[in-house]
Amino acid sequence: MSDRLTVLKTYKLYVGGKFPRSESGRVYEVTDSKGKWLANAPLSSRKDARDAVVAARKAFGPWSGATAYNRGQVLYRVAEMLEGRRDQFTREVADAEGLSKSKAAAVVDATIDRWVWYAGWTDKIAQVVGGGNPVAGPFFNLSSPEPTGVVAVLAPQESSFLGLVSVLAPVIATGNTAIVVASEKAPLPALSLAEVLATSDVPGGVVNVLSGRTAEIATPLASHQDVNAIDLAGADEVLAKELEIAAADNLKRVLRPQPVDYAETPGTDRMTAFLETKTVWHPTGSLGASGSSY
């Protein structure tokens with residue numbers, strides 16, 4: 001029996017719930033930690049970035065309007081699907097980060113656990129950052145968190161999977177929609193994650209995944225008038241400064257790059273970074289100086 005040829009995988013972008021090739025038709029070679037060729041990844045263009053923003057904006061209303069409990073169910077389903085493709089992600093993380101199979105498996109397990117952790121926060125974060133405020137006068141004063149909107153997320157360059165989920169999950173758990181710029185040198189786990197999202201009840205457009213040159217994709221996203229916030233986790237110092245300047249044009253929220261140990265249990269910082277606070281005043285119903293009420 002003759003040796004069979006390996007069926008090579010064609011990686012694609014994930015925009016609006018679909019898997020297009022880059023509008024430019026370009027690809028670039030992805031290699032492992034030793035320089036061995038792994039795959040050709042799509043090289044996204046500015047047009048791909050703009051298409052992703054349109055898809056994210058369209059998805060924002062239904063996703064932010066869903067109940068927090070429902071978002072938690074959807075995100076938990078993603079974790080279930082990740083568990084089912086654990087071996088695939090172990091191989092991709094091992095190749096991307098130069099890890100042994102056992103260490104890569106530990107990273108994948110931690111990543112799935114991280115996704116479950118954020119899924120559990122969807123219906124709890126409002127109680128932590130919202131609540132009643134004491135005011136002088138016969139009023140109820142209530143503050144509640146609301147999602148910022150469309151968030152561009154530059155995934156960490158070195159942590160191709162655990163770091164990616166650590167910056168993406170808190171954005172969508174709180175009701176935002178996201179455009180993810182995958183790690184430039186190790187985009188394959190992110191592109192495979194897109195395949196999981198597409199089969200996990202996550203509505204199309206809630207997460208959009210682009211691969212390619214980080215600076216080339218991030219620049220139009222930072223200056224885009226319909227992007228509300230940007231996480232610069234995957235930008236170096238020079239690029240981060242340029243993107244901050246571009247983001248100022250429409251007063252985007254900016255989360256600056258900072259040293260992070262993604263293996264540590266996260267706090268709520270990345271969730272609250274992309275939340276706005278709405279405060280409502282309402283009369284208590286007190287009548288007159290006596291303080292009687294109805």
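The basis for the numbers below is simple: all heavy atoms, side chains too, and nothing from hydrogens, waters or symmetry mates.
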For [Y], does its backbone N or O pair with a side-chain atom of [X] as donor and acceptor, under 3.5 Å?
{"X": "Ser22", "Y": "Leu43", "result": "yes"}
{"X": "Glu184", "Y": "Gln157", "result": "no"}
{"X": "Ser211", "Y": "Pro42", "result": "yes"}
{"X": "Thr122", "Y": "Ala68", "result": "yes"}
{"X": "Asn250", "Y": "Val227", "result": "yes"}
{"X": "Asn176", "Y": "Val150", "result": "no"}
{"X": "Arg77", "Y": "Asp201", "result": "no"}

Which atom names give the shortest non-hydrogen contact between [X] and [Y], and what distance separates them?
{"X": "Thr214", "Y": "Gly234", "value": "CG2-O, 4.2 Å"}
{"X": "Val167", "Y": "Ala155", "value": "CG2-CA, 4.3 Å"}
{"X": "Val153", "Y": "Ala178", "value": "CG2-CB, 4.4 Å"}
{"X": "Thr279", "Y": "Ser143", "value": "OG1-OG, 2.9 Å"}
{"X": "Ala66", "Y": "Arg71", "value": "O-NH1, 3.1 Å"}
{"X": "Lys252", "Y": "Ser223", "value": "NZ-C, 3.8 Å"}

Within a 6.0 Å radius of atom [atom1] on [X], are there more than 12 heavy atoms belonging to other residues, nucleotides or ligands?
{"X": "Arg213", "atom1": "CZ", "value": "yes"}
{"X": "Lys101", "atom1": "NZ", "value": "no"}
{"X": "Glu237", "atom1": "CD", "value": "no"}

With sequence neighbours excluded, what pairs up with [X] under the side-chain hydrogen bond (donor to acceptor under 3.5 Å, both in side chains) test?
{"X": "Glu242", "result": "none"}
{"X": "Thr67", "result": "none"}
{"X": "Asp95", "result": "none"}
{"X": "Lys58", "result": "none"}

Worksheet item: Mind checking what makes side-chain contact (heavy atoms from CB on, under 4.5 Å) contact with Thr199, not counting sequence neighbours?
Response: Met81
Is it the case that one hydrophobic cluster holds both [X] and [Y], taking links as side-chain heavy atoms less than 4.5 Å apart, direct or via other members?
{"X": "Leu154", "Y": "Leu162", "value": "no"}
{"X": "Val74", "Y": "Tyr118", "value": "no"}
{"X": "Ile179", "Y": "Val206", "value": "no"}
{"X": "Val107", "Y": "Leu38", "value": "yes"}
{"X": "Leu255", "Y": "Val260", "value": "yes"}

Distance, nearest 0.5 Å, that separates [atom1] of [X] from [atom2] of [Y]:
{"X": "Ser44", "Y": "Asn208", "atom1": "OG", "atom2": "CG", "value": "11.0 Å"}
{"X": "Thr219", "Y": "His224", "atom1": "OG1", "atom2": "NE2", "value": "13.5 Å"}
{"X": "Glu146", "Y": "Thr277", "atom1": "CD", "atom2": "OG1", "value": "9.0 Å"}
{"X": "Lys241", "Y": "Ile245", "atom1": "NZ", "atom2": "CD1", "value": "6.0 Å"}
{"X": "Ile172", "Y": "Thr177", "atom1": "CD1", "atom2": "OG1", "value": "10.0 Å"}
{"X": "Leu82", "Y": "Thr111", "atom1": "CG", "atom2": "OG1", "value": "8.5 Å"}

Discussion item. Between Glu97 and Ser160, is there a side-chain heavy-atom distance shorter than 4.5 Å?
Written reply: yes
Item to complete: Indicate yes or no: at least one non-hydrogen side-chain atom of Leu164 is less than 4.5 angstrom from one of Ser159.
Response: no
Enumerate the ring pair (Phe, Tyr, Trp, His ring centres under 6.0 Å) contacts for [range], please, sequence neighbours excluded, ordered by first and then second residue.
{"range": "residues 10-30", "value": "Tyr14-Phe19"}
{"range": "residues 37-74", "value": "none"}
{"range": "residues 160-196", "value": "Phe89-Phe161"}
{"range": "residues 95-117", "value": "Trp117-Trp121"}

Item to complete: Begin from the C-alpha positions of Leu232 and Val254 and carry the test side chain to side chain contact (heavy atoms under 4.5 Å, CB included) through to its verdict.
Response: CA-CA 7 Å; Leu232 301 177; Val254 176; 3.6 Å; yes
Fill in: Pair Leu210-Val15, side chain to side chain contact (heavy atoms under 4.5 Å, CB included): steps then yes or no
CA-CA 8 Å; Leu210 306 175; Val15 178; 3.9 Å; yes
Worksheet item: Please, which pairs that meet side-chain hydrogen bond (donor to acceptor under 3.5 Å, both in side chains) have at least one residue in residues 257-272, sequence neighbours excluded?
Response: Asp231-Arg270
Item to complete: Walk me through it: do Asp48 and Ser45 pass the test side chain to side chain donor-acceptor pair (under 3.5 Å)?
Response: CA-CA 5 Å; Asp48 294 318; Ser45 67; 3.2 Å; yes
Item to complete: Answer yes when Arg86 and Asp109 have at least one side-chain N-carboxylate O distance shorter than 4.0 Å, and no when they do not.
Response: yes
Worksheet entry | Electrostatic pair Arg26-Glu216, nearest N-O below 4.0 angstrom | yes
Pair up each side-chain donor or acceptor in residues 187-196 with any protein partner under 3.5 Å, not counting sequence neighbours, and list the distances.
unit_1	atom_1	unit_2	atom_2	d
Ser192	OG	Gln88	NE2	3.1
Ser192	OG	Glu92	OE1	3.0
Ser192	OG	Glu92	OE2	2.8
Ser192	OG	Leu188	O	3.3
Glu195	OE1	Lys9	NZ	3.0
Glu195	OE1	Arg85	NH2	2.8
Glu195	OE2	Lys9	NZ	3.0

Discussion item. Test: salt bridge (Lys or Arg N to Asp or Glu O under 4.0 Å). Region: residues 154-166. Which pairs qualify, not counting sequence neighbours?
Written reply: Glu158-Lys185
Item to complete: Determine, stepwise, if the pair Arg253 / Ile230 fulfils side chain to side chain contact (heavy atoms under 4.5 Å, CB included).
Response: CA-CA 6 Å; Arg253 279 180 173 245; Ile230 186 168; over 6 Å; no
Fill in: Derivation of the salt bridge (Lys or Arg N to Asp or Glu O under 4.0 Å) call for Arg91 and Asp87
CA-CA 6 Å; Arg91 290 194 302 272; Asp87 290 344; 5.7 Å; no
